[in-house]
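When reading the values below, keep in mind they use all heavy atoms of this one structure, side chains included, and skip hydrogens, waters and symmetry mates. This is a predicted model, so every value here is computed, not measured. Note that ligands are numbered from 1 as they come in the structure, with each ligand's atoms numbered from 1 the same way.
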Amino acid sequence: MRENFLWGTATASYQCEGGWDEGGRVPSLWDTYLHNNQLENGNVASDHYHQYKEDIRLMKEGGHKSYRFSLAWPRLIKNLEGEINPEGVQFYHNIIDECLTNGIEPFVTIFHWDLPQYLEDIGGWTSRRVVTAYEELAKLVFSEYGEKVTYWTTFNEPRYYVFSGYKIGNYPPGVNDTQKTIEASFYMMLANAKAIKIYKDMNLKGEIGIVHSYAPIFGVDDSLETKIAMRNADNYFNNWILDTAIKGELPIDMLTRLNDKYDLSFIQTQDLQDMKENTVDFIGLNYYARALIRPYSGGETVLRINNSGSSAKGTSKVVVKNWFEQVWDPNSEFTEWDTEIFPQGLYEGILMAHKKYGIPIYVTENGVADYEDVSVEQVNDEKRIAFLNDHIDAIIRAVEAGADVRGYYIWSTMDLYSWKNGCEKRYGLVAIDWEDNCKRKPKNSYYWYKKVCESNGEM
Ligand code: BGP
C-alpha cells in the first residue's frame, strides 16, 4: 500500500461520546426521539466524552495511523441564534490535540446525524434555514480546527440518514413522505456544496470530501431489462450523492422521473450552480454490502430493513415501484442483523467508483457486528478477523488493479451505540464492558489489526 496509507478506525459522536447533558450540550433529535419512545439511547454510550484519552492511547498502541470521528453539532452551537458553546469547542480541540500528540491523523466528519433538536423543530433537513445553519457550523469548525485537521468530510451517509428518517421512517424524525425525502436529500447536497465553498475560500491546507453508504450495484443477469433496473438502482442508492458531490450534477434521468410525480420547484438555479462549482476532493465509501438487482416485477414500493438481530436471514427487501427490485443470493452468508457478507463487492465497487470518477477514495467504514460475551478478559472475535481480513484483501486487490485508495477505517474503534439496535450490536476492536464503568478491553481483532497497521497491510 502507498506510504502514509491511513489505517484507522471510526466512530460517530452520538454513538460513542455519552455525556449527553454535560459540557453545555443541548439535545439532538436522537435524544428526543429515543427518550420519548423509551428506547435504548446514547446517554452514556462508550463514555468517550470522559475516556477519550484512554481511547486514543489504545489507538496509538494498536498502531493506528488515523482516527475518524464526528463533531456533535449540539455541543458546538446552542441555539437558532448561533450561540457558540466554548466548552464544546474546547472538547474537540482536546480530542484533536490528543490525536496529534500521539501521531494519529484526525479524519473529521462535520455531520454524523445528531442534528440539534432546535433545528429539527423548524423542519430539520427539509428546511432551507438548516442549510444556512450548517454553513455557520462549517465556518466555526474550519476556523477553530482548520489549521490542525487535514481531512474533512461534510456529511456521513446522506442517503441512509434521509431514507431512514423520511421514507422508511425507522429513524427520527420517523416520517414516510417521498416529497420530504427529496427535499431533505437535496438540501443536504446543497449544504455539502456550500461547506466546500467556505472551506476553499479559507485557503486551508487540507482536503474535503463526503462519506457515502455505498451499495455497489450487481445484476442478476445481462439482459437489457436488468441493465435498466441497475441504472435505476444506482441512481437510488449511489448516483444522487456521488454524481452530485463529485461531478456537481444531479443524475438527469432521475430528476426527470421525479419531476413527473413530485414538486421540484424548491430547487433554485443558483443552487445548481453552487453544486456545479463546489465539488469534493475525495470520496469516503462506507461499505457493508452490495445491492443485487433484478427488474421490477409488480406491486407497491417496499423498503424493509430487518436490522433487529432476530430476523430471518435475507428477508430485508427493497422494491421501488417501476424502478427495480433488490434480491439476495440464497448462497450468501448473512450477519445476525441480516447484512450480506460479500467482500468481492468491495473489490468491484472500488473499481467501479474508480473507473467512473477517478478521484481518491477512502474506505471510511467497514466492519461486522456480533453478540459477544465481554465478561471474559479478551474476546476471541474470530469471525470479525476473518471478515476484516477478506475485506482488506479486497482493497489491496483493488489497489493492485489501479484504484487510488488512501485509507481504511474499521467500524468501529470500540463497541458503541448502534442506531435503534442498542449496545449489544458490537462492532468494536475494543470491547466496552457496560457493567464495569465502560471498561475498555481490547479484543483479539485489535491485536490482529495492530499487525496490519504496522506492516502497512502486508500482515
Ligand atoms: C453506518 C453508519 C454508522 C454505523 C454503521 C453500522 O451506516 O454510518 O453510524 O451505525 O452504519 O450500522 P448499524 O449500527 O445500524 O449496524
**Student:** What is the ring orientation for H112 with W411, classed by angle as parallel under 30°, tilted 30 to 60°, or perpendicular over 60°?
**Tutor:** parallel
**Student:** Any idea how Y171 and W113 line up, ring-wise: parallel (<30°), tilted (30 to 60°), or perpendicular (>60°)?
**Tutor:** tilted
**Student:** Angle class for the W125/F111 ring planes (parallel below 30°, perpendicular above 60°, tilted otherwise)?
**Tutor:** perpendicular
**Student:** Which heavy atom of the protein is the closest neighbour of atom 7 (O) of ligand 1, given with residue, atom name and distance?
**Tutor:** E157 OE1, 2.5 Å
**Student:** Considering only non-hydrogen protein atoms, determine which one is nearest to atom 2 (C) of ligand 1 and report residue, atom name and distance to 0.1 Å.
**Tutor:**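 In this structure, atom 2 (C) of ligand 1 has E365 OE1, 3.4 Å as its nearest protein heavy atom.
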**Student:** Which protein non-hydrogen atom lies closest to atom 12 (O) of ligand 1, naming both residue and atom, and how far is it?
**Tutor:** Y427 OH, 3.6 Å
**Student:** Checking ring-ring contact (aromatic ring centres under 6.0 Å, His included) for the pair Y371/W337: CA distance, chi angles, key distance, verdict?
**Tutor:** CA-CA 10 Å; Y371 291 110; W337 287 267; 4.6 Å; yes
**Student:** Using a strict 4.0 Å cut-off to heavy atoms of Q15, name the atoms of ligand 1 that fall inside it.
**Tutor:**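 It comes down to these atoms of ligand 1: 3 (C), 4 (C), 9 (O), 10 (O).
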**Student:** Taking everything shown except K383 itself, do over 12 heavy atoms lie less than 6.0 Å from its NZ?
**Tutor:** no
**Student:** What protein heavy atom sits nearest atom 14 (O) of ligand 1, and how far off is it?
**Tutor:** S418 OG, 2.6 Å
**Student:** Under 30°, 30 to 60°, or over 60°: which ring-plane class applies to Y52 and H48, parallel, tilted or perpendicular?
**Tutor:**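 Ring orientation, 0 to 90° scale: perpendicular.
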**Student:** Considering heavy atoms of the protein only, find what lies nearest to atom 15 (O) of ligand 1 and give residue, atom and distance to 0.1 Å.
**Tutor:** N307 ND2, 3.4 Å
**Student:** With heavy atoms under 4.0 Å as the rule, classify the contact between Y288 and ligand 1 as side chain, backbone, both or neither.
**Tutor:** side chain
**Student:** Using a 3.5 Å cut-off on N or O atoms only, is H112 in polar contact with ligand 1?
**Tutor:**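 Indeed, backbone or side chain, H112 has an N or O that close.
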**Student:** Once you restrict to heavy atoms under 4.0 Å, what part of V211 touches ligand 1? Side chain, backbone, both or neither.
**Tutor:** neither
**Student:** What atoms of ligand 1 come closer than 4.0 angstrom to any heavy atom of N421?
**Tutor:**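 Once the distances to N421 are compared, the set is 15 (O).
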**Student:** With a distance cut-off below 6.0 Å to the six-membered ring centre and an angular limit of 45° from the axis, does R68 pair with F107 as a cation-pi contact?
**Tutor:** no
